[in-house]
Amino acid sequence: MSLGVLLVEDDKDLRSTLRQALIVEGYRVAAAASLADARALWQHTTPEQGFDLVLLDLGLPDGDGRSFLIELRTQSQTPLIVLSARHQDGEKVQLLDLGADDYLVKPFGVGELLARMRVALRHRGRSVVAAVTHYVQDPLEIDIARHRVNRAGVEVHLTPTEFNLLARLVRNAGQVVTHRQLLLDVWGPEFTEHTHYLRLYMGQLRAKLEADPAQPHFLLTEPGVGYRLTEPP
Ligand code: CA
């Protein structure tokens, strides 16, 4: 079961960069661009989509992120890391006093963020199992961390969505991943009924990766359930 992250950030580029990096690391990500979105996602979460960590920007279009931190702490001890563009003496102390686990000033490196997230999760007793990031089964070689897919030694170009879908299957290679889980992890909680997305993108992946897309060897359909990437030897 992957850990869920609620990412609250209004900067579109930063939000998509972080979302992508977190998915590659094996996290489930729900992204919010405002306080209202963050509250809605938090309130409508289900155990299956639960959040294990929150990343919270402070300067949001409909208010200050710290109000969300205060609300959240009245009901939950979920680890929370503040992402702030401001660097003011005293602010960090104040946010930590309000219950933030950590505080990162922008711009920060993704590697540092991931390390701080592991620390925050560990402090709350959650351990982070390293994600499976490599899949080798002749003639396919998939290196998720380096964002590289080769077929018979030739690099295959995938769109970001194709790549995220493949990465999700690599993490559970040999096991069936349900339609719902794939839609949740790759597209987000509002897309769990959109199974036609999966048919479309699996078709595209098969066309790029399979010798005969009509008789797939790697990307297998489990009728009525989901998809499975063949277990490597
Ligand atoms: Ca902002």
Side-chain angles (χ1 to χ4, degrees), residues 2-46 49-124 126 128 131 145 147 159-161 163-164 167 184-191:
S2 52
L3 296 174
V5 175
L6 174 58
L7 167 64
V8 188
E9 169 60 64
D10 65 322
D11 181 311
K12 192 164 179 275
D13 291 341
L14 182 57
R15 190 169 67 241
S16 83
T17 302
L18 292 178
R19 184 171 186 275
Q20 177 71 32
L22 293 170
I23 288 172
V24 167
E25 281 299 303
Y27 292 101
R28 275 181 296 115
V29 183
S34 65
L35 283 175
D37 286 355
R39 289 186 181 115
L41 283 171
W42 182 263
Q43 279 160 13
H44 295 120
T45 186
T46 64
Q49 305 167 0
F51 297 120
D52 300 285
L53 186 136
V54 178
L55 298 175
L56 179 65
D57 178 30
L58 293 181
L60 293 164
D62 52 352
D64 192 320
R66 81 186 58 214
S67 61
F68 184 69
L69 165 61
I70 293 165
E71 288 159 31
L72 193 133
R73 280 291 172 260
T74 63
Q75 43 169 297
S76 161
Q77 289 304 310
T78 301
L80 182 146
I81 298 175
V82 170
L83 312 176
S84 178
R86 305 168 267 193
H87 191 51
Q88 291 165 10
D89 286 342
E91 181 174 64
K92 180 172 181 175
V93 173
Q94 191 202 9
L95 286 158
L96 296 175
D97 280 344
L98 288 173
D101 291 70
D102 206 341
Y103 178 100
L104 273 172
V105 176
K106 297 175 193 171
F108 50 80
V110 168
E112 181 175 13
L113 173 66
L114 294 169
R116 304 271 197 111
M117 287 172 63
R118 287 192 292 270
V119 170
L121 287 162
R122 224 167 25 234
H123 282 166
R124 306 276 181 172
R126 303 301 302 264
V128 183
H147 231 276
T159 67
T161 301
F163 183 84
N164 289 343
L184 178 66
D185 291 348
V186 177
W187 280 272
E190 58 276 41
F191 296 97

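Start at 1 and go down the list; that is how both ligands and their atoms are numbered. Hydrogens, waters and symmetry mates are skipped; everything else that's a heavy atom, side chains included, is used. Computed from a predicted structure; not experimentally measured.
Take Trp187 and apply the side-chain hydrogen bond (donor to acceptor under 3.5 Å, both in side chains) test, not counting sequence neighbours, and it matches no residue. For the side-chain hydrogen bond (donor to acceptor under 3.5 Å, both in side chains) test, residues two or more places apart in sequence or in another chain that qualify with Asp64 are Arg66. The side-chain hydrogen bond (donor to acceptor under 3.5 Å, both in side chains) check on Asp57 picks up Lys106, with sequence neighbours excluded.
For the Ca ion (ligand 1), the set of protein N/O/S atoms nearer than 3.0 Å consists of Asp10 OD1, Asp57 OD2, Gly59 O, ordered by chain and number.
Proximity of a side-chain donor or acceptor of Asp101 to a complementary backbone N or O of Leu80 within less than 3.5 Å is detected.
Between Phe163 and His147, the two ring planes are parallel [angle under 30°; tilted spans 30° to 60°].
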*List the steps, then state whether salt bridge (charged side-chain N to carboxylate O under 4.0 Å, His left out) holds for Arg118 with Asp102.*
CA-CA 11 Å; Arg118 287 192 292 270; Asp102 206 341; over 6 Å; no
